[in-house]
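Have a look at the structure below, then the notes.
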Number of protein chains: 2
Amino acid sequence: MYKIGELAAACKVKPDTLRFYEKNGLLHPANRSDKGYRIYSDDDAQQLRFILRAKAMGFSLSDIRELLNIEASRSDWACADVKGMVEAKVQELQTKIDEMTRLRDSLQELADACCGGPESAIHCSILDTLETK
Amino acid sequence: MYKIGELAAACKVKPDTLRFYEKNGLLHPANRSDKGYRIYSDDDAQQLRFILRAKAMGFSLSDIRELLNIEASRSDWACADVKGMVEAKVQELQTKIDEMTRLRDSLQELADACCGGPESAIHCSILDTLETK
DNA sequence: TTTGACCTTTGACCTAACTCCAAGGTTTAT
DNA sequence: ATAAACCTTGGAGTTAGGTCAAAGGTCAAA
Ligand SMILES: [Zn+2]
Ligand SMILES: [Zn+2]
Ligand SMILES: [Zn+2]
Ligand SMILES: [Zn+2]
């Protein structure tokens, strides 16, 4: 059984983060002390670690809420459901990667065309390109 | 000379966007009509196109403010300054791309380990992995 | 007993880049 | 002349994931 500061320290997050997760339906402490302090169980601690691991894998908090629902009653779901979520996330990331790669290449091309020298930018091809596409 | 709605339509943005750019020091209309309407000149229109092109290349509005400063007095800057900005942006994008690629690969690995079948997720390796790293 | 480290709640603030709304004045078309 | 379509300002709301501050209650050690 942990008080909020203890669990937060153990998982290297701030107490406010745990309150935020609670407000957003991700982690409710098992109970409260008679004075109203949040008391977290070992199961809660494990669930927090689940949340943090999923976050580190790139899932949003709303993805994680879904994953926790599935985890809470695994037998109601199929592997296909879970794998589908993960693959959708892969696709989402891939789309962003592609877009950023495209931007990076355009910028690199822009940079390559500029002499990069110490003289005045009056003739700078980068500015020229931005000025008149 | 354009009223705000005309310039906005010509560049496919909303009037509110132009007001936002003005408030943020990116584009001030050349003058105002006697009744207070914003009046944009052709130079303003060109500057807006500069802004939109730079945005499409991935520059933030604060980057663009800097680019506009340079553009406004090109002779005070060197090509090296401009090229440096662009290369910093390339590096910034590259860092994000690398991070997202790492995430994508981890997720793909997670997905590959799951059978993805229609049976119950009780044995799902994805959930197992998230539960106990 | 008193200090200091905890805990509680409510609610504001942060970044980025808009987007929308309300209440009112102006211009344009019919 | 009047209605639609425009313009003005100020200020609030959006998304995501927290982070902080204020005002007060609680607990442990010296
Ligand atoms: Zn040069
Ligand atoms: Zn140059
Ligand atoms: Zn399976
Ligand atoms: Zn599975």
Side-chain angles (χ1 to χ4, degrees), chain A residues 1-41 44 47-48 50-68 89 92-93 96 99-100 103, chain B residues 1-41 44 47-48 50-68 89 92-93 96 99-100 103:
Chain A
M1 301 305 202
Y2 318 90
K3 282 188 290 181
I4 196 170
E6 291 164 357
L7 179 55
C11 291
K12 291 171 183 155
V13 296
K14 303 192 176 178
D16 273 339
T17 301
L18 299 190
R19 295 193 189 98
F20 176 78
Y21 286 168
E22 182 176 352
K23 199 175 56 174
N24 288 278
L26 289 161
L27 181 66
H28 297 280
N31 39 27
R32 294 279 183 132
S33 77
D34 56 347
K35 295 300 181 182
Y37 285 24
R38 289 169 178 82
I39 304 293
Y40 294 91
S41 67
D44 294 335
Q47 180 155 333
L48 176 55
F50 182 103
I51 291 167
L52 297 176
R53 259 178 236 122
K55 210 165 74 71
M57 302 288 293
F59 289 103
S60 70
L61 297 191
S62 118
D63 294 330
I64 295 173
R65 240 190 324 268
E66 241 183 290
L67 286 170
L68 286 170
K89 205 76 199 171
E92 188 184 308
L93 278 169
K96 280 187 197 154
E99 185 182 353
M100 299 184 78
L103 284 179
Chain B
M1 300 305 203
Y2 316 90
K3 281 189 289 180
I4 195 168
E6 291 165 356
L7 180 54
C11 291
K12 289 170 186 158
V13 297
K14 303 191 178 179
D16 272 340
T17 302
L18 298 190
R19 294 191 192 99
F20 175 79
Y21 286 167
E22 181 176 351
K23 200 175 56 174
N24 287 278
L26 288 161
L27 182 65
H28 297 280
N31 39 27
R32 295 278 183 133
S33 77
D34 56 345
K35 294 301 183 183
Y37 284 24
R38 290 169 178 82
I39 304 295
Y40 295 91
S41 67
D44 293 335
Q47 179 154 334
L48 176 56
F50 181 103
I51 291 167
L52 297 177
R53 259 176 236 125
K55 209 164 77 70
M57 301 288 293
F59 289 102
S60 70
L61 297 192
S62 119
D63 293 331
I64 295 173
R65 238 189 326 266
E66 241 184 291
L67 286 170
L68 287 171
K89 205 75 200 168
E92 188 184 307
L93 279 170
K96 281 187 197 154
E99 186 181 353
M100 300 185 77
L103 285 178

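- Side chain of Q47(A) to main chain of H28(A): no donor-acceptor pair is present (N/O by atom type, distance under 3.5 Å, no hydrogens or angles).
- In this structure, S62(B) and K35(B) both approach DNA chain C, and ranking their closest nucleotides by distance from the 5' end singles out S62(B).
- Out of dT9(C), dC18(C), dC20(D), the shortest distance to the side chain of L61(B) is found at dC18(C).
- Set against dG18(D), dT19(C), dC7(C), the side chain of I4(A) has dC7(C) as its closest nucleotide.
- The separation between L48(A) atom CG and dG18(D) atom C1' is 14 Å, rounded to whole Å.
- Residues K96(B) and K96(A) fail the side-chain proximity criterion, which asks for heavy atoms closer than 4.5 Å.
- When the nucleotides dC20(C), dC18(C), dT19(D) are ranked by their closest atom to the side chain of D16(A), dT19(D) comes out on top.
- Toward the 5′ end of DNA chain D lies the nearest nucleotide of Y21(A), the other residue of the pair D34(A) and Y21(A) mapping further downstream.
- Rounding to whole angstrom units, CG of residue N24(A) and P of dG18(D) are separated by 9 Å.
- We find that E66(B) and K89(B) are not joined by a salt bridge, their nearest charged nitrogen and carboxylate oxygen being 4.0 Å or further apart.
- With DNA chain C read from its 5' end, the first of the two nearest nucleotides for F59(B) and Y37(B) is the one closest to F59(B).
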_Let me check I have this right: for DNA chain D, each base becomes ., (, ), [, ] or |, based on Watson-Crick or G-U pairs with both distances under 3.5 Å. What is the full string?_
||||||||||||||||||||||||||||||

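- Under 4.0 angstrom from either OP1 or OP2 of dG18(D) there lies at least one side-chain N or O belonging to K55(A).
- Across D44(A), I4(A), N31(A), L7(A), a single residue satisfies side-chain contact (heavy atoms from CB on, under 4.5 Å) together with I39(A), and that is N31(A).
- As rounded to whole Å, 13 Å separates atom P of dT19(C) from atom CZ of R19(B).
- We find that CG of L18(A) is positioned 14 Å from P of dC20(D), with the value rounded to whole Å.
- With dT9(D), dA17(C), dT19(D) as the candidates, the nucleotide lying closest to the side chain of R32(B) is dT9(D).
- Rounded to whole Å, the distance from CD on E6(B) to P on dT28(C) is 9 Å.
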